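Here is the structure we will look at, set down as structure tokens.
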Amino acid sequence: SGKLLNMFSGDTRKLVLRCDDSILEEMVDRFGEECKIRKAVADTEEMFTLETKCVCSEGLVSWLMQFGNKVQVISPESLRDDITEKAKSILKVYCDDK
């Protein structure tokens, strides 16, 4: 099932993402046609919001991070925190050697 990303288990949670239009296909491929997609309100923004239910796992963190600044987790807060911590740990590796 697409709900268990990379076969990690955990609690199913409501996931809300803000995404760049350029990754729409990847998001629908991963989360399925049943996810809710809303276009950004401002015409100047090439963004959409995706809502679905999925397992928030380390696999999901890694999968979302591959999109860099083209995706932002709106909720759950715990997933935002996990991504922030992973990004900080990666940044530390590159900043500590200067």
Side-chain angles (χ1 to χ4, degrees):
S1 160
K3 304 251 187 278
L4 273 180
L5 198 64
N6 296 338
M7 301 310 292
F8 289 88
S9 62
D11 293 334
T12 299
R13 309 276 305 275
K14 179 180 173 185
L15 175 66
V16 180
L17 304 175
R18 183 164 164 76
C19 306
D20 187 89
D21 285 349
S22 65
I23 63 170
L24 176 62
E25 191 173 324
E26 288 95 329
M27 293 295 145
V28 173
D29 284 350
R30 174 53 73 187
F31 296 113
E33 298 288 338
E34 71 274 3
C35 63
K36 292 185 208 160
I37 294 175
R38 290 189 319 274
K39 199 59 189 115
V41 176
D43 291 340
T44 57
E45 293 187 81
E46 295 177 350
M47 306 286 287
F48 65 91
T49 301
L50 178 144
E51 268 185 45
T52 191
K53 291 198 184 317
C54 74
V55 173
C56 295
S57 65
E58 182 63 31
L60 180 60
V61 169
S62 297
W63 186 79
L64 289 170
M65 287 189 76
Q66 76 178 318
F67 297 104
N69 66 355
K70 292 181 187 271
V71 66
Q72 178 187 20
V73 174
I74 304 301
S75 68
E77 191 71 31
S78 60
L79 183 59
R80 284 179 62 93
D81 293 344
D82 290 347
I83 290 177
T84 300
E85 288 308 308
K86 185 157 189 156
K88 284 180 183 175
S89 72
I90 292 168
L91 186 61
K92 189 172 177 359
V93 170
Y94 289 94
C95 292
D96 280 357
D97 64 353
K98 301 217 182 234

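As the structure is a prediction and not an experimental result, all values here were calculated from the model.
Here the NZ atom belonging to K70 is positioned 10.0 Å from the CD atom belonging to E46, to the nearest 0.5 angstrom. To the nearest 0.5 angstrom, F67 atom CZ is 9.0 Å from S22 atom OG. The distance from the OG1 atom of T49 to the CG atom of L17 is 9.0 Å, given to the nearest 0.5 Å. One finds the CZ atom of R30 at 13.0 Å from the CD1 atom of I23 (value rounded to the nearest 0.5 Å).
Side chains of V55 and L60 form no contact here, defined as non-hydrogen atoms less than 4.5 Å apart. In this structure the side chain of C35 never reaches within 4.5 angstrom of the side chain of M27, judged on heavy atoms.
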Notebook entry, point to check: Where do R13 and S78 land on the side-chain contact (heavy atoms from CB on, under 4.5 Å) test, with the steps shown first?
Noted result: CA-CA 10 Å; R13 309 276 305 275; S78 60; 3.3 Å; yes
Checklist line | Check against side-chain contact (heavy atoms from CB on, under 4.5 Å), V73 and D82 | finding: CA-CA 10 Å; V73 174; D82 290 347; over 6 Å; no
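In terms of hydrophobic clustering, with Ile, Leu, Val, Met, Phe, Trp and Tyr side chains grouped at heavy-atom distances under 4.5 Å, L24 and W63 are assigned to a common cluster. Taken together through direct or relayed side-chain contacts under 4.5 Å among Ile, Leu, Val, Met, Phe, Trp and Tyr, I83 and L50 form part of one hydrophobic cluster.
Within a 6.0 Å sphere centred on CD of E33, heavy atoms belonging to other residues, nucleotides or ligands number 12 at most. Around the NZ atom of K14, the shell of radius 6.0 Å holds no more than 12 heavy atoms that belong to other residues, nucleotides or ligands.
Considering all non-hydrogen atoms of both residues, F48 and I37 come closest at CD1-CG2, 3.8 Å. Taking both residues in full, the closest heavy atoms of L15 and F31 are given as CD2-CZ, 3.7 Å, listed atom of the first, atom of the second, then distance.
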Contacts under 3.5 angstrom, residues 84-91 side chains, donor-acceptor by atom type, not counting sequence neighbours:
residue	atom	partner	partner atom	Å
T84	OG1	R80	O	2.8
K86	NZ	E58	OE2	3.0
K86	NZ	S62	OG	3.2
S89	OG	K86	O	2.8

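Other members of a hydrophobic cluster containing M47 are absent, since no ILVMFWY side chain comes under 4.5 Å of it, directly or through relayed contacts.
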